2 protein chains.
Amino acid sequence: MTRRTYGQHCGLARALEIVGERWALLIVRDLLVGPKRFTDLRNGLARIPTNVLSARLKELEHAEVVRRRVLPRPAGSVVYELTEYGGELEEVVLRLSRWGSRTLGEPGPDDIVTVDSLITAVRSAFHPEAAGGPDVSYELRAGEIVIHVIVGGGRLDVAQGALPGAGLVIETDSPAQALPAVGTGFAEAVAGGGVRLTGDPALLRRFAEIFHH
Amino acid sequence: MTRRTYGQHCGLARALEIVGERWALLIVRDLLVGPKRFTDLRNGLARIPTNVLSARLKELEHAEVVRRRVLPRPAGSVVYELTEYGGELEEVVLRLSRWGSRTLGEPGPDDIVTVDSLITAVRSAFHPEAAGGPDVSYELRAGEIVIHVIVGGGRLDVAQGALPGAGLVIETDSPAQALPAVGTGFAEAVAGGGVRLTGDPALLRRFAEIFHH
DNA sequence: CTGGATCCCTCACGATACTG
DNA sequence: CAGTATCGTGAGGGATCCAG
């Protein structure tokens, strides 16, 4: 394995040698949501060849961005998780995500939306300075994908799964509809139809204030 | 030109399709310092094949990250510059630069340091919250490379070239010595020798407060 | 079934030469 | 100076296979 370098003694070049290879930052994106097994990563990155996933994980492990951990009995399985150094990529990933979201066109016929990409989209659209005031919670149902969003004490918590008792449930037919809607705080999406709301409709305005590109 | 995609409808995936290709972010790094001609970019990215540079510029232009501009007569030459959208990558580039700098080892025998990479390193080490107080200015002479640093009104200005009247001139034999030294505010580097100072030595402490990883 | 390794093919990248 | 043309190599893509 001959390292592919840029021939520059430079922080950015170094960073790109670590996480600039194809698929690497998408792996980091999914691991930022939580530790995952090989197969979980494979499912979240549908089009990645397994040898590439395997190679990336080894490289990221070698660079101490990712740690391979064997779960204690009885699970005994293997999970990959970010090291502290790897976790410090969060800001970069969220900023890149927001930057790219702005020119995200229509989804291609084969484009998928995964749970982790939706969670990342919500996190990247978060504006802490608008998150003061009373706590609020949402449940987002986008096709098969269900996540919940809790804003409390100016902080954000987004994770997979339903949230019984959420202040507002926002539901779209497909994940692809939800994605641009997160970027506009669902304002346009609701006006344009195709979004169903259950709960306190006033919380939608609040969502738009807290989340937008 | 068949676009190489990730098959995901996701802001991060979109961003990586634009600036995730090899060399792309290094081109952006150099253009963040200022508009450049093809040959300037080629010199700053010594190891890039010209056809790859050519291809990247076309792709970045197509994605409206870079604009190709013909200078008015009599120059008549062509420069590449970032669009506003491209300029919004600054934070990402600086954060990645700082992230990578922390694990930047010894320079390889063929590794080079360019003016733009040094300017980027200084900018990425800047801590605005420590930049209050009276204005200060520095001249950094690292081998052949000479840049100047002006901190005024809490803002930073870094550019190529000397600065007559700079409060402190910091000089190292090679650019590679300067790079880690920027990350530690030159504190260790001066103690370890190999750094010459001309001017007010008290300004060195100030430098270390304002610039570090 | 998870967690990969192996194989083969293609195409992007890298090196170099060359042209308007 | 500002690229284009050509060509070899190796990384990525896709499918399959294998061990625990």
Side-chain angles (χ1 to χ4, degrees), chain A residues 1-8 13 16-27 30-31 35-62 66-81 108 110-112, chain B residues 1-8 13 16-27 30-31 35-62 66-81 110 112:
Chain A
M1 158 169 49
T2 69
R3 270 208 91 58
R4 208 140 162 236
T5 73
Y6 287 101
Q8 303 215 352
L16 293 177
E17 283 163 10
I18 299 175
V19 294
E21 301 290 300
R22 204 164 155 69
W23 292 105
L25 272 186
L26 288 176
I27 293 172
D30 284 10
L31 292 182
K36 291 197 164 43
R37 293 175 304 173
F38 189 92
T39 306
D40 299 332
L41 287 168
R42 185 194 214 294
N43 292 336
L45 306 168
R47 303 248 289 243
I48 194 174
T50 62
N51 59 346
V52 173
L53 176 55
S54 186
R56 287 297 163 273
L57 286 171
K58 283 200 181 75
E59 293 158 14
L60 292 173
E61 197 186 343
H62 182 255
V66 160
R67 183 173 29 240
R68 186 182 197 271
R69 190 157 60 92
V70 180
L71 292 181
R73 306 281 316 187
S77 58
V78 173
V79 294
Y80 296 89
E81 60 189 5
D110 296 336
D111 283 357
I112 63 172
Chain B
M1 158 167 48
T2 70
R3 273 207 90 60
R4 204 136 164 243
T5 72
Y6 287 101
Q8 303 216 351
L16 293 177
E17 284 163 8
I18 299 175
V19 293
E21 302 290 300
R22 204 164 155 67
W23 294 103
L25 272 186
L26 289 176
I27 294 172
D30 285 11
L31 291 182
K36 290 195 166 43
R37 291 175 305 174
F38 188 91
T39 307
D40 298 332
L41 287 167
R42 185 194 213 293
N43 292 336
L45 306 168
R47 304 249 289 244
I48 195 175
T50 59
N51 59 346
V52 172
L53 176 54
S54 186
R56 288 295 164 276
L57 286 172
K58 283 199 182 75
E59 293 158 13
L60 292 173
E61 198 186 342
H62 182 255
V66 161
R67 181 174 30 240
R68 187 181 196 271
R69 190 157 59 92
V70 180
L71 292 182
R73 308 278 318 191
S77 58
V78 174
V79 294
Y80 296 89
E81 61 188 5
D110 295 336
I112 63 171

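Keep in mind it's a predicted model, so treat the numbers as computed, not measured. The analysis underlying the following values was restricted to heavy atoms, covering all of them including side chains, and did not include hydrogens, waters or symmetry mates. A note on names: the letters A, B, ... follow the listed sequences, proteins ahead of strands, and every chain is numbered from 1.
Side-chain N or O atoms of A/Q8 include one that pairs as donor or acceptor with a backbone N or O of B/G44 at under 3.5 Å.
Between A/R68 and the phosphate of C/dG4, there is a side-chain N or O to OP1/OP2 separation shorter than 4.0 Å. Side-chain N/O atoms of A/T39 include none lying less than 4.0 angstrom from OP1 or OP2 on C/dT2. For B/R56, no side-chain nitrogen or oxygen approaches OP1 or OP2 of C/dG14 to under 4.0 Å. The shortest distance between the side-chain N/O atoms of A/K58 and the OP1/OP2 oxygens of C/dA5 is below 4.0 Å. A close approach under 4.0 Å does not occur between any side-chain nitrogen or oxygen of A/Y80 and OP1 or OP2 of C/dT2. Residue B/R22 places at least one side-chain N or O closer than 4.0 Å to OP1 or OP2 of C/dG14.
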**OP:** Using the side-chain contact (heavy atoms from CB on, under 4.5 Å) rule, take A/F38 and A/R68 through it: C-alpha gap first, then chi angles, then the decisive distance, then the call.
**Re:** CA-CA 10 Å; A/F38 189 92; A/R68 186 182 197 271; over 6 Å; no

**OP:** Please test B/L26 against B/I48 for side-chain contact (heavy atoms from CB on, under 4.5 Å), starting from the C-alpha separation and ending with a verdict.
**Re:** CA-CA 10 Å; B/L26 289 176; B/I48 195 175; over 6 Å; no

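Listed nucleotides C/dT6, D/dA5, D/dG14 differ in distance to B/N51; the shortest reach to its side chain belongs to D/dA5. Side-chain proximity of B/T50 to the nucleotides C/dT16, C/dA5, D/dG12 is greatest for C/dT16.
The nearest whole Å value for the distance from the CZ atom in A/R47 to the C1' atom in D/dA15 is 15 Å.
One finds a salt bridge joining A/R56 and A/E59 here, because a Lys/Arg side-chain nitrogen approaches an Asp/Glu carboxylate oxygen to under 4.0 Å.
The base of D/dA2 does not come close enough to the side chain of B/S77 for any donor and acceptor atom to sit less than 3.5 Å apart.
Heavy-atom distances to DNA chain D give each of B/R42 and A/I48 a nearest nucleotide, and the one nearer the 5′ end belongs to B/R42. Nearest-nucleotide positions on DNA chain C place A/V78 closer to the 5' end than the other of A/V78 and B/A55.
Among the heavy atoms of the strands lying under 4.0 Å from B/R37 are primed sugar atoms or P, OP1, OP2 only; no base atom is included. Using a 4.0 Å heavy-atom distance criterion, A/S54 is classed as a sugar-phosphate-only contact.
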